[in-house]
Amino acid sequence: MSEYHLNRKLVLETPERVADGAGGFVESWVALGELWAEVRPRTGREKAGGTVALATVGYRITLRAAPVGQSARPRPEQRLRDGNRIFRILAVTERDPQSRYLICYADEEVAA
């Protein structure tokens with residue numbers, strides 16, 4: 001039995017660059033699949049973001065591991081989505097010695 005409560009379904013998304021027809025590109029996000037996870041807050045901070053203050057909250061997201069190189073294994077340039085909430089992945093590491101679980105360190109920015 002798992003000691004983690006993987007009770008949140010998150011969508012793993014990866015960035016995709018598409019040519020805009022004018023020599024540049026537009027970045028969009030493509031869903032790679034759904035993952036069950038445990039989401040726990042870490043610390044928060046506030047910073048100025050132009051005309052509005054941004055609150056950034058760090059999260060530790062635990063999920064089942066996938067082999068290195070598989071599309072279901074999160075990477076730092078990707079993000080996890082929970083409805084309208086977006087968690088930008090900063091780092092990924094193994095949670096346990098058997099590599100059954102991963103920890104994604106992620107940030108969520110919210111306008112304050």
Side-chain angles (χ1 to χ4, degrees):
M1 176 158 283
S2 172
E3 61 204 72
Y4 310 109
H5 296 94
L6 307 181
N7 59 358
R8 303 260 302 264
K9 189 189 307 187
L10 304 177
V11 177
L12 177 63
E13 298 180 335
T14 193
E16 182 179 270
R17 291 182 176 193
V18 179
D20 66 2
F25 65 89
V26 176
E27 186 172 87
S28 63
W29 291 91
V30 177
L32 297 177
E34 296 175 336
L35 303 170
W36 286 95
E38 175 183 76
V39 180
R40 293 194 175 202
R42 292 183 299 138
T43 59
R45 60 191 173 279
E46 186 177 6
K47 65 180 181 179
T51 59
V52 70
L54 295 175
T56 302
V57 179
Y59 287 87
R60 190 169 80 186
I61 302 172
T62 303
L63 44 91
R64 282 188 176 73
V68 175
Q70 207 175 60
S71 63
R73 186 180 178 102
R75 295 188 314 265
E77 69 273 9
Q78 297 175 331
R79 68 186 190 183
L80 293 163
R81 177 185 289 275
D82 182 11
N84 290 329
R85 298 179 70 188
I86 295 173
F87 304 97
R88 187 173 48 92
I89 300 172
L90 304 173
V92 180
T93 187
E94 283 81 19
R95 168 74 188 210
D96 58 326
Q98 296 81 17
S99 298
R100 293 176 297 167
Y101 296 93
L102 296 175
I103 297 176
C104 295
Y105 293 95
D107 278 351
E108 177 187 30
E109 286 187 349
V110 180

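Values in this document were obtained by computation on a predicted structure and should not be read as measured data.
- With hydrogens and angles disregarded, a donor-acceptor distance shorter than 3.5 Å links the side chain of Asp96 to the backbone of Tyr101.
- The side-chain heavy atoms of Ile89 and Leu12, taken from C-beta on, include a pair separated by under 4.5 Å.
- For the pair Leu6/Arg64, a side-chain contact is recorded, criterion being any heavy-atom separation below 4.5 Å from C-beta on.
- In this structure the side chain of Val11 never reaches within 4.5 angstrom of the side chain of Leu35, judged on heavy atoms.
- Annotation: side chain of Ile86 is not in contact with side chain of Glu13 (no heavy-atom distance under 4.5 Å).
- When the options Val92, Leu32, Val30 are evaluated for a side-chain contact (heavy atoms from CB on, under 4.5 Å) with Gln78, the one that passes is Leu32.
- To the nearest 0.5 angstrom, Asp82 atom CG is 9.0 Å from Glu108 atom CD.
- One finds the CZ atom of Arg8 at 10.5 Å from the CG atom of Leu80 (value rounded to the nearest 0.5 Å).
- For Arg40, the CZ atom sits in a loose shell: 12 or fewer heavy atoms of surrounding residues, nucleotides or ligands are nearer than 6.0 Å.
- In this structure, Val57 is a member of the same hydrophobic cluster as Ile61, with clusters built from ILVMFWY side-chain heavy atoms closer than 4.5 Å.
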Check your understanding: When you look at Arg79 and Asp107, which way does the salt bridge (charged side-chain N to carboxylate O under 4.0 Å, His left out) test go after all the steps?
Key -> CA-CA 9 Å; Arg79 68 186 190 183; Asp107 278 351; over 6 Å; no

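- In this structure a side-chain-to-backbone donor-acceptor pair under 3.5 Å is present from Glu38 to His5.
- Looking at heavy atoms from C-beta onward, Leu90 lies out of side-chain contact with Pro76 at the 4.5 angstrom threshold.
- Distance CZ/Arg42 to OH/Tyr59: 10.5 Å, rounded to 0.5 Å.
- Leu102 and Tyr105 are not part of a single hydrophobic cluster, where members link through side-chain heavy atoms under 4.5 Å apart.
- Interatomic distance, Arg73 CZ to Cys104 SG, rounded to the nearest 0.5 Å: 9.0 Å.
- Side-chain N or O atoms of Arg75 include none that pairs as donor or acceptor with a backbone N or O of Glu77 at under 3.5 Å.
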